[in-house]
Amino acid sequence: GSKLGGNSAKATSGMNGVGTAGQESNKIKDSMLRFIADTEASGRGLADEELVKKLAQKSKAAIKFVEDHGVKLEVVSQLGGHSRPRTHREANSALGRGRPPRRRSCRALGFPY
């Protein structure tokens with residue numbers, strides 16, 4: 001059967017997206033071309049250009065999909081490799097710890113975690 005794993009299971013910072021409701025509500029000026037350029041620069045020439053384009057193009061819909069399934073990605077942060085804030089995650093827990101979307105996203109979609 002299917003099993004959750006890989007980098008996505010380990011990611012703790014959130015989901016990157018451009019043109020999202022979170023960016024708009026925080027008045028963050030970003031663009032798909034800037035997201036693509038940042039991602040390609042981080043890849044130092046090794047990134048698959050078509051895959052990077054697809055990642056950028058589908059990022060808004062991916063974040064909306066997760067939010068539509070009950071995960072509130074209300075914090076938008078600028079992390080390493082990004083020229084604009086575009087990493088979306090849930091607000092900190094009552095203990096002050098960040099809560100990455102992976103666990104709740106998986107549960108909301110019916111995947112065991």
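In this chain, numbering begins with 1 at the start of the sequence shown.
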Which pairs would a plain distance check flag for residues 52-64, meaning a side-chain donor or acceptor within less than 3.5 Å of a matching protein atom at least two apart in sequence or in another chain?
unit_1	atom_1	unit_2	atom_2	d
Ser59	OG	Val18	N	3.1
Ser59	OG	Ala56	O	2.9
Lys60	NZ	Gly19	O	3.4
Lys64	NZ	Asp68	OD1	3.3
Lys64	NZ	Asp68	OD2	2.8

Please tell me if the side chains of Leu73 and Met15 come closer than 4.5 Å, counting only heavy atoms from C-beta onward.
yes

Validation row: Val71, Glu90 side chains within 4.5 angstrom (heavy atoms)
yes

Looking at CD1 of Ile28 and OG1 of Thr20, how far apart are the two atoms once the value is rounded to the nearest 0.5 Å?
7.0 Å

Could you go through residues 29-40 and list every donor-acceptor pair under 3.5 Å that involves a side-chain atom there, pairing it with any protein atom two or more places apart or in another chain?
unit_1	atom_1	unit_2	atom_2	d
Asp30	OD1	Arg86	NH2	2.8
Asp30	OD2	Gln23	NE2	2.9
Asp30	OD2	Arg86	NE	2.9
Asp30	OD2	Arg86	NH2	3.2
Ser31	OG	Arg34	N	3.0
Arg34	NH1	Lys29	O	3.4
Asp38	OD1	Ser83	OG	3.3
Asp38	OD2	Ser83	N	2.8
Asp38	OD2	Ser83	OG	2.8
Asp38	OD2	Arg86	NH1	2.8
Asp38	OD2	Arg86	NH2	3.2
Thr39	OG1	Phe35	O	2.9

Residues joined to Val75 in its hydrophobic cluster, side chain to side chain under 4.5 Å directly or through other members, sorted by chain and number, are none

Within 6.0 Å of CD in Glu49, more than 12 heavy atoms from elsewhere
no

Straight-line distance of His82 NE2 to Ser42 OG, nearest 0.5 Å
7.0 Å

Looking only at heavy atoms, the pair that brings Ala91 and Glu74 closest together is CB-OE2, 3.2 Å

